[in-house]
Amino acid sequence: MQLIFNLILELLLLFFWLWIIRRRKSKEADEKLLMEQERFLDELAGQYAKRGDMLEALEESMQVCGSRSGKELLRMIDALRSEEGPGDGGYFGGTAQNACFLLLFTLCYTIRSFGDLQIQGVSLFVHNIRYIKEEVRTELLRRQEGRYAFLGLTALCVIPFFFSIPIQLWSGSISTGLNRFYTGTYGFITLIICFFLAVFGAVCVQELQYPTMPCGKKRTLSMRVLQIPLISMLIDRYIFANYSRCLKKNEALKELQGFGNIREFLVKKLLCGLGMVCAVGLILAGCVWTGAADRLPGTSDASVTVLRAVIVLFLSAVTGYFLPDAWVAILRVRVGQQKSEETLRFETLILIVRHYSMITVEEILRWMERFSVVFSRALQRAVDDFSYRRRDSLEQLKEDLSYEPAVRLVDALLVCDDIPVAQAFYDLEGERAYHMEQHRQKAEDLQREKAAFARVIAFLPFVALLALRLVIPFVLEGLTQLNSY
């Protein structure tokens with residue numbers, strides 16, 4: 001029975017590995033897309049210098065792009081030809097799949113609407129393409145360095161578990177006494193430990209290599225659960241009973257922006273607790289099915305067995321309930337890097353549009369909202385309130401952002417009522433160069449630290465399998481045979 005259970009775990013791990021490969025291919029496709037964008041921007045600058053027509057230059061430059069980039073560029077060209085405005089939806093009203101396309105569309109839209117200008121004898125269109133190329137090149141180099149730094153670590157987490165059955169068969173062929181370490185309680189527990197270490201290690205390495213951030217624009221499971229009237233009523237009652245503590249937690253969650261409010265966070269905690277109970281329940285069911293529970297000491301009494309199962313399920317529920325708090329602590333570290341990246345993108349956006357006196361503060365805020373994930377909710381609130389309380393909405397935005405470089409941009413937007421946008425951001429290019437170098441250095445240091453930590457995690461499944469399923473059984477069996485003499 002335990003061999004069958006082992007095969008089932010290996011099958012589950014195989015499906016998990018296939019999912020990782022699919023996710024990795026998606027990330028590699030994003031890297032390939034960045035390389036295409038870099039070549040495309042070089043070609044676009046050359047074609048525009050030759051032809052002097054933006055749409056013709058876009059169409060001619062598409063030849064160096066792949067199918068994915070080509071489809072996005074066709075959407076962009078159709079949107080530019082239709083002359084749709086900010087409120088018309090379509091490409092302009094939505095969010096592009098890649099920030100480079102949205103930056104390029106911002107540039108093309110302003111050129112189409114207000115015409116091209118000359119900056120020190122250079123076309124403004126060609127001059128601003130340089131900023132977008134810097135964004136693309138920085139991101140591409142970061143991804144390439146990360147790919148080499150984490151090369152093979154995910155496989156090192158998963159592959160050792162598939163040697164558990166060969167180790168068991170080989171050990172049984174050497175000594176029949178070793179079978180008790182693979183078919184009994186010890187074998188079941190060590191098998192589960194090795195399986196979860198393999199999954200845990202692979203998930204950690206993937207998260208370190210491709211960090212994920214919550215998106216406030218997506219409709220999450222917790223939002224759907226909150227639509228159930230009974231759940232919503234219970235959550236509201238809990239918040240009312242613990243108002244001061246929930247208010248403090250909600251203020252901390254606001255710094256993460258895309259993670260949600262306190263109501264969504266409490267639902268996440270409940271869902272994680274329920275999910276952990278279900279996972280541990282399946283493990284206990286597997287223990288009963290393989291017969292390992294019958295060999296546990298003190299489990300001859302059914303009531304004792306049930307009591308122990310209830311205690312284990314309760315502890316697993318408590319652990320799952322506090323998992324979102326641990327995830328919030330991890331996200332706080334990631335949010336700082338994400339805020340720096342989005343602020344750089346805001347600075348690039350403003351550099352693109354600042355030379356046009358017709359650009360309004362509200363239009364800049366709307367573009368910033370489309371570029372943002374971490375700051376999305378704060379910017380959405382500012383955009384919604386801007387039409388009827390202009391200055392107050394920007395002051396509130398400064399409080400919601402709580403990130404000094406982004407706050408300085410809002411301070412400059414506040415004075416745009418008195419002076420032109422170009423004067424309000426006269427020193428932005430130098431600040432952006434400084435912030436970009438600082439951001440690049442921090443990203444490199446953080447990536448080195450994550451890669452070193454990932455190497456330690458990647459070896460845990462291998463060491464656990466070697467120690468629990470090979471070394472310890474042989475040592476104990478050797479000691480047993482020595483005692484028999």
Kindly give the heavy-atom pair with the smallest separation between Gln447 and Gly146, and that separation in Å. NE2-N, 3.3 Å
Closer than 4.0 angstrom, basic N to acidic O: yes or no for Arg366 and Glu362? yes
To the nearest 0.5 angstrom, please state how far the CG atom of Leu349 sits from the CH2 atom of Trp367. 8.0 Å
For Glu139, is there an ion pair with Arg142 - N to carboxylate O distance below 4.0 angstrom? yes
What closest approach, in Å, do Glu10 and Phe162 show between heavy atoms, and which atom pair accounts for it? O-CE2, 3.5 Å
Just by modelled atom types, is the Lys339 backbone N or O under 3.5 Å from a matching donor or acceptor in the Thr343 side chain? yes
So does Asp445 pair up with Lys442, basic N to acidic O under 4.0 Å? no
Under the criterion side-chain contact (heavy atoms from CB on, under 4.5 Å), I'd like the reasoning laid out for Glu31 against Gln144: C-alpha separation, chi angles, the key distance, then a yes or no. CA-CA 8 Å; Glu31 185 178 323; Gln144 289 175 341; 3.3 Å; yes
Does Arg440 pair with Glu444 as a salt bridge, N-O distance under 4.0 Å? no
Starting from the C-alpha separation in whole Å, work towards a yes-or-no answer on side chain to side chain donor-acceptor pair (under 3.5 Å) for Gln441 and Glu437. CA-CA 6 Å; Gln441 187 61 45; Glu437 182 61 30; over 6 Å; no
Between atom CZ of Phe346 and atom CG of Leu401, what is the distance when rounded to the nearest 0.5 Å? 7.5 Å
Under 4.5 Å between any side-chain heavy atoms of Leu394 and Lys398, yes or no? no
Please report the interatomic distance CG(Leu413) to CZ(Phe386), rounded to the nearest 0.5 Å. 8.0 Å
Among side-chain atoms of Asp116 and Tyr48, is any donor-acceptor pair under 3.5 angstrom? yes
Are Glu341 and Arg345 close enough for a salt bridge, meaning some N to O gap below 4.0 Å? yes
Tell me whether Phe150 at atom CZ has more than 12 heavy atoms from other residues, nucleotides or ligands lying less than 6.0 Å away. yes
Taking every non-hydrogen atom, the tightest pair across Ala451 and Leu153: O-CD1, 4.3 Å
Begin with the C-alpha distance, continue with both residues' side-chain angles, and end with the deciding distance and a verdict on side chain to side chain donor-acceptor pair (under 3.5 Å) for Thr154 and Gln206. CA-CA 7 Å; Thr154 306; Gln206 286 292 298; 2.9 Å; yes
Closest approach of Ala378 to Asp400 (non-hydrogen atoms, all atoms of both residues): CB-CB, 3.6 Å
Quick one: are Leu73 and Phe40 in side-chain contact, heavy atoms under 4.5 Å? yes
Tell me, with the steps shown, if Asp385 and Arg390 meet salt bridge (charged side-chain N to carboxylate O under 4.0 Å, His left out). CA-CA 7 Å; Asp385 297 346; Arg390 181 187 184 93; over 6 Å; no
Lys/Arg N to Asp/Glu carboxylate O, Glu363 vs Arg354, below 4.0 Å: no
Criterion side chain to side chain donor-acceptor pair (under 3.5 Å) on Thr190 and Arg469, from CA distance to verdict: CA-CA 7 Å; Thr190 55; Arg469 305 283 290 182; 3.1 Å; yes
Which atom of Val136 lies closest to which atom of Gln37, heavy atoms considered: CG2-OE1, 4.0 Å
Is there a side-chain contact (heavy atoms from CB on, under 4.5 Å) between Phe462 and Ile159? Walk through the geometry before answering. CA-CA 8 Å; Phe462 171 74; Ile159 291 176; over 6 Å; no
Which value, rounded to the nearest 0.5 Å, describes the distance between Glu36 atom CD and Ser69 atom OG? 4.0 Å
Is there a side-chain contact between Phe195 and Pro461 (heavy atoms, below 4.5 Å)? no
Just how far is it from atom OH of Tyr238 to atom CD1 of Ile262, taken to the nearest 0.5 Å? 8.0 Å
Glu38/Arg137 ion pair, N-O < 4.0 Å: yes
Is it true that, when you exclude Phe459 itself, more than 12 heavy atoms of the residues, nucleotides or ligands shown sit nearer than 6.0 Å to its CZ? no
Can Ser123 and Gln118 be counted as having a side-chain donor-acceptor contact under 3.5 angstrom? no
Donor-acceptor side-chain pairing of Arg263 and Ser232 below 3.5 angstrom: yes
With a 3.5 Å cut-off and no angle check, do the side chains of Ser372 and Glu342 form a donor-acceptor pair? yes
Nearest 0.5 Å, please: how far is SG in Cys100 from CG in Leu41? 5.0 Å
Note, Phe161 side chain near Leu9 side chain (heavy atom, < 4.5 Å): yes
With side-chain contact (heavy atoms from CB on, under 4.5 Å) as the criterion, how do Leu465 and Leu197 come out once you've worked through the C-alpha distance, each side chain's angles and the decisive distance to 0.1 Å? CA-CA 9 Å; Leu465 183 73; Leu197 278 177; over 6 Å; no
Does a side-chain heavy-atom distance below 4.5 Å link Cys272 with Tyr321? no
Any salt bridge linking Lys269 with Asp325? Criterion: basic side-chain nitrogen under 4.0 Å from a carboxylate oxygen. yes
Would Glu347 and His435 count as a side chain to side chain donor-acceptor pair (under 3.5 Å) if you check the C-alpha gap in whole Å, the side-chain angles of each, and the deciding distance to 0.1 Å? CA-CA 10 Å; Glu347 291 173 346; His435 291 157; 2.8 Å; yes
Met62 CE: over 12 foreign heavy atoms closer than 6.0 Å: yes
Does Arg22 count as lying over the ring of Trp19, i.e. NZ or CZ under 6.0 Å from the six-ring centre, within 45 degrees of the axis? no
If you count heavy atoms of other groups shown closer than 6.0 angstrom to CZ of Phe163, is the number above 12? no
Worked verdict on Phe125 versus Cys108 for side-chain contact (heavy atoms from CB on, under 4.5 Å): CA-CA 8 Å; Phe125 182 79; Cys108 294; 4.0 Å; yes
Considering only heavy atoms from C-beta outward, does the side chain of Ser393 approach that of Gln396 to under 4.5 Å? no
The side-chain contact (heavy atoms from CB on, under 4.5 Å) partner of Leu44 among Ile132, Val64, Leu58, Val126 is Leu58
Between the main-chain N or O of Arg245 and the side-chain N or O of Asn242, is there a donor-acceptor pair closer than 3.5 Å? no
Do Asp411 and Val415 come close enough that some side-chain heavy atom pair is under 4.5 Å? no
With heavy-atom distances below 4.5 Å as the criterion, would you say the side chains of Phe425 and Leu409 are in contact? yes
With Tyr131, the side-chain contact (heavy atoms from CB on, under 4.5 Å) member among His127, Lys133, Glu135: His127
Nearest heavy-atom pair of Pro160 and Ala155: which atoms, and what distance? CD-O, 4.1 Å
Taking it one step at a time, do Arg432 and Glu429 satisfy salt bridge (charged side-chain N to carboxylate O under 4.0 Å, His left out)? CA-CA 5 Å; Arg432 178 181 176 275; Glu429 188 166 3; over 6 Å; no
Are the charged groups of Lys50 and Glu60 less than 4.0 angstrom apart, N to O? no
